[in-house]
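Working notes, structure below.
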Amino acid sequence: MEIQRPRGTRDFLFKEMKERKYVENVLRRIFEIYGYSEIKTPIFEELSLFTTKSGEGIKEQIYHFQDKGGRNLALRPELTAPVARLYLNELQKSPKPIKMYYFGSCFRYERPQAGRFRQFWQFGCELVGAKSPGSEAEIIAMAAHCVEELGLDDCEIHIGNLGILRSILADEGVFGEKQDQVMGLIDKRDVEGLKSLLKDLQIGSKSRNILLKLIDMVGHREILSDVEELIKDNENAYKALKELEELLKSLEAFGFSDYIINLGIARGLDYYTGTVFEIYVHGLGAQKQISGGGTYNLIQVFGGEKVESTGFAFGFDRVMEALKKQKAKIPVAKTVDVFVAPIKEDTKLKAFEIAQKLRKVGISTDVDLTGRKLKKVLSHADNLGTSYVILVGARDLKDGKVTVKNMKTGAQEMVDVDDVAAELKNKLLQTGMI
RNA sequence: GCCGGGGUAGGGUAGGUGGUUAUCCUACGGGACUGUGGAUCCCGCGACUCGGGUUCGAAUCUCGGCCCCGGCCCCA
């Protein structure tokens with residue numbers, strides 16, 4: 001009976017792991033360039049952290065359990081709640097703004113599907129205590145920077161503002177759950193459902209028309225004047241729109257103008273307050289969204305003071321999938337640059353010695369550990385893609401030499417044992433291999 | 001939870017209207033080959049997802065489970 005990997009989980013082998021590592025490092029580098037510092041929170045938390053944020057119903061989709069002490073715990077299904085908790089526990093009185101980023105796996109009990117797994121990774125950040133159009137713009141610019149640096153094509157960054165829709169609904173006396181219902185339908189692009197719900201809620205025909213027009217507003221800067229015309233009578237919506245304009249100005253100052261304004265983004269949750277944005281990659285099927293974020297008031301949900309924060313996260317697995325689908329070149333380093341092969345058993349120890357010398361000068365080196373025949377060893381070195389093999393034989397050693405073989409050309413040369421590390425280092429540097 | 005398509009050596013595959021020993025590539029072990037023959041050739045190793053049913057006989061037909069792929073629902 002073979003033991004299987006749990007449903008919806010994956011094993012990552014060498015090559016894939018190198019690719020993931022590369023992408024991870026690119027993201028880390030960029031987040032740090034923008035001044036973010038890494039944090040790490042536990043893989044499991046109190047179950048109530050998540051039910052407080054998202055409601056009891058969420059338990060359906062969470063791996064939760066009782067530990068031996070009777071504590072109700074859950075594998076984290078997302079990272080924004082743990083980060084908010086961390087802020088409350090440790091950072092409330094730290095100088096603002098706080099810029100933090102995280103990378104870690106999350107767990108959801110869901111039906112696995114394209115781009116959807118039961119264990120998946122999120123790479124994201126949180127900017128606490130600096131709510132302003134400028135800080136939102138900086139985050140979006142950083143997200144765009146990541147996308148560019150990774151070489152992701154066919155990406156769209158959609159930016160919206162929930163304040164506009166919410167203000168119009170509020171004016172009609174639609175709040176709370178009702179408002180969320182409307183936002184949910186808008187997010188789903190369910191126009192028919194929306195129309196009938198607006199009718200049930202007895203929304204005035206003027207507001208109704210505004211809403212229906214607004215959610216179709218998708219485009220660049222030029223649509224803003226139409227929006228303004230549409231909502232100018234609603235003070236709060238107008239304010240939100242001005243906020244959005246301010247954000248876009250900042251975003252352009254940060255050097256990014258390839259955005260799409262999309263007032264139909266709703267992100268159903270009520271703790272989102274203003275700016276929201278999502279990144280889509282076409283050609284990813286049902287799970288085309290690789291990233292989402294915005295400004296929210298999550299700290300308050302957990303009983304902290306009112307501090308707004310802005311954050312977003314990349315669905316790391318979806319980023320990988322998009323790169324793979326687009327056949328992006330992900331640099332994958334060779335396992336080792338040099339292989340040390342004793343020609344016969346009698347030079348095995350000398351081979352170990354030489355291998356170690358190379359390693360000490362920073363050359364990634366493998367040495368034969370199997371005692372196989374030379375032919376097999378060379379074949380193995382070839383499979384590994386090594387650039388050079390050092391052949392260590394008794395005959396050469398008598399003159400204090402070893403043979404360095406270039407695996408690409410087959411060319412060989414004799415080198416003094418004492419010089420071999422330095423010589424190879426030079427060769428590798430010259431050819432740009434290290 | 002629902003709908004559709006799948007599951008054959010470690011990896012990639014052929015076979016599928018039931019009938020000798022299940023195909024090929026690769027990887028791995030050995031040999032031709034005692035110090036450079038990473039080539040070639042030969043030999044070996046190794047698989048029908050699991051369980052029930054139909055049948056003289058099932059990888060093949062059928063039912064169910066598990067898992068994978070795609071879609072619906074959901075998506076914090």
Side-chain angles (χ1 to χ4, degrees), chain A residues 1-11 13-15 45 49-62 74 76-84 106-118 120 122 124 180 184 187-188 190 266-272 278 284-289 292-294 296 298 301 311-313 315 318 321 339-347 351 368 370-398 401-414:
Chain A
M1 246 253 295
E2 195 169 315
I3 297 173
Q4 286 187 329
R5 165 170 29 92
R7 182 167 161 80
T9 63
R10 292 155 295 163
D11 293 317
L13 267 38
F14 316 116
K15 179 161 179 282
E45 296 270 0
L49 175 63
F50 305 109
T51 52
T52 302
K53 181 189 170 212
S54 312
E56 287 292 312
I58 208 69
K59 280 154 101 177
E60 290 297 309
Q61 290 160 71
I62 289 185
R76 61 188 183 198
E78 45 121 351
L79 277 157
T80 47
V83 170
C106 302
F107 305 82
R108 292 183 191 177
Y109 191 82
E110 287 187 301
R111 177 84 172 72
Q113 213 176 301
R116 193 185 268 191
F117 306 94
R118 288 184 171 180
F120 59 96
Q122 286 192 338
D180 288 347
D187 197 39
K188 251 187 265 178
D190 181 354
R267 306 219 113 209
L269 296 152
D270 55 1
Y271 54 78
Y272 276 97
E278 299 184 339
L284 269 194
Q287 320 292 336
K288 62 175 182 172
Q289 190 188 329
Y296 32 79
L298 193 50
V301 174
F312 83 102
R318 291 187 188 172
E321 209 159 313
F339 199 101
V340 184
I343 286 170
K344 284 206 284 187
E345 179 74 15
D346 58 348
T347 52
D368 179 58
T370 63
R372 283 201 283 245
K373 302 190 198 187
L374 185 59
K375 176 191 157 101
K376 298 278 181 187
V377 173
L378 282 169
S379 170
H380 181 237
D382 190 40
N383 277 334
L384 291 177
T386 26
S387 307
Y388 294 96
V389 168
I390 299 177
L391 296 158
V392 185
R395 224 181 274 160
D396 298 348
L397 281 176
K398 248 184 249 164
K401 294 194 184 289
V402 289
T403 301
V404 172
K405 184 180 184 88
N406 180 322
M407 291 299 275
K408 284 228 173 59
T409 64
Q412 298 188 177
E413 59 178 313
M414 306 279 278

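Per chain, numbering begins at 1; letters A, B, ... match sequence-line order.
Using a 4.0 Å heavy-atom criterion, one finds that A:R116 contacts the bases of the nucleic acid, with or without backbone contacts as well. Counting any heavy atom pair closer than 4.0 Å across all strands shown, A:E60 reaches no nucleic acid atom. Nucleic acid contact for A:G57: none, since no nucleic acid atom lies under 4.0 Å from a heavy atom of the residue. Among the atoms of the strands shown, none is found under 4.0 Å from any heavy atom of A:A81.
Expressed to the nearest 0.5 Å, how far CD of A:E278 lies from CG of A:D187 amounts to 6.5 Å. Annotation: the span from A:R318 atom CZ to A:F117 atom CZ amounts to 9.0 Å, rounded to 0.5 Å. Of the inter-residue distances, the one linking A:I343 atom CD1 with A:I390 atom CD1 reads 11.5 Å to the nearest 0.5 angstrom.
In this structure, the CZ atom of A:F14 is 16 Å from the P atom of B:rG10, given to the nearest Å. Distance A:D11 CG to B:rG10 C1': 13 Å, rounded to the nearest Å. The nearest whole Å value for the distance from the CZ atom in A:F117 to the C1' atom in B:rC69 is 11 Å. Spacing between atom NZ of A:K344 and atom P of B:rC33 amounts to 16 Å, rounded to whole angstrom units. One can place CZ of A:R108 at 17 Å from P of B:rC73, the figure rounded to the nearest angstrom. Rounded to a whole Å, the CD atom of A:Q122 is 15 Å from the P atom of B:rC75. Counting to the nearest Å, the P atom of B:rC73 and the CD atom of A:Q287 are 11 Å from each other. Rounded to whole angstrom, the span from the CD1 atom of A:I62 across to the P atom of B:rA76 amounts to 13 Å.
Of the C1' atoms belonging to B:rC28 and B:rG12, the separation is 16 Å, rounded to the nearest Å. Comparing B:rG18 with B:rU55, their P atoms are spaced 15 Å from each other, to the whole Å. B:rG1 sits 40 Å from B:rG46 when the C1' atoms are compared, rounded to a whole Å. The separation of B:rG7 from B:rU49, taken at their C1' atoms, amounts to 6 Å, rounded to a whole angstrom. Across B:rG38 and B:rC33, the matching P atoms stand 14 Å from one another, rounded to whole Å. B:rG53 and B:rA14 have their C1' atoms separated by 28 Å, with the value rounded to a whole Å. The same atom, C1', is picked in B:rA9 and in B:rC2; the two are 36 Å apart, to the nearest Å. Remark: the separation of the P atoms in B:rU26 and B:rG65 is 40 Å, to the nearest Å.
For the side chain to side chain contact (heavy atoms under 4.5 Å, CB included) test, residues two or more places apart in sequence or in another chain that qualify with A:D190 are A:L185, A:K188, A:E192.
Pairing of B:rA47, defined by two Watson-Crick or G-U wobble distances under 3.5 Å, is not identified with any nucleotide. Base pairing of B:rG4 is made with B:rC69, judged by Watson-Crick or G-U wobble geometry with both donor-acceptor distances under 3.5 Å. In this structure, B:rU13 forms no base pair with any nucleotide, since neither Watson-Crick nor G-U wobble geometry is met with both distances under 3.5 Å.
A donor-acceptor pair under 3.5 Å is absent between the side-chain atoms of A:R116 and the main chain of A:R111, judged by distance alone. Using modelled atom types, no side-chain atom of A:R108 and backbone atom of A:Q61 make a donor-acceptor pair closer than 3.5 Å.
Taking the ring axis of A:Y109 as reference, the NZ or CZ atom of A:R118 stays within 45° of it and closer than 6.0 Å to the ring centre.
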Check against side chain to side chain contact (heavy atoms under 4.5 Å, CB included), A:H380 and A:F339
CA-CA 9 Å; A:H380 181 237; A:F339 199 101; 3.8 Å; yes
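Closest-nucleotide positions on RNA chain B for A:P6 and A:H380 were compared, and the one nearer the 5' end corresponds to A:H380. Nearest-nucleotide positions on RNA chain B place A:V392 closer to the 5' end than the other of A:V392 and A:F107.
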Each nucleotide in nucleotides 1-7 of chain B should get exactly one letter: B, S or -. Can you fill that in based on protein heavy atoms under 4.0 Å?
BBBB---
What string of B, S and - do you get for nucleotides 36-46 of chain B, 5' to 3', if B is base contact, S is sugar-phosphate-only contact and - is no contact with any protein heavy atom under 4.0 Å?
B-BBB------
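When only modelled atom types and interatomic distance are considered, A:K376 and A:T370 share no side-chain donor-acceptor pair under 3.5 Å.
Of all heavy-atom pairs spanning A:F50 and A:A74, the tightest one is CD1-CB, 4.1 Å. The minimum heavy-atom distance linking A:A114 with A:Q287 is given by the pair O-CG, 2.6 Å. The shortest heavy-atom contact between A:T347 and A:G393 is CG2-C, 3.8 Å.
Taking only distance into account, the side chain of A:R7 never meets the base of B:rC66 through a donor-acceptor pair shorter than 3.5 Å. Not a single donor-acceptor contact under 3.5 angstrom links the side-chain atoms of A:R10 to the base of B:rC68.
Checked against B:rC75, B:rG70, B:rC28, the side chain of A:A114 finds its nearest nucleotide in B:rG70. Side-chain proximity of A:K188 to B:rC74, B:rA76, B:rC68: nearest is B:rC74.
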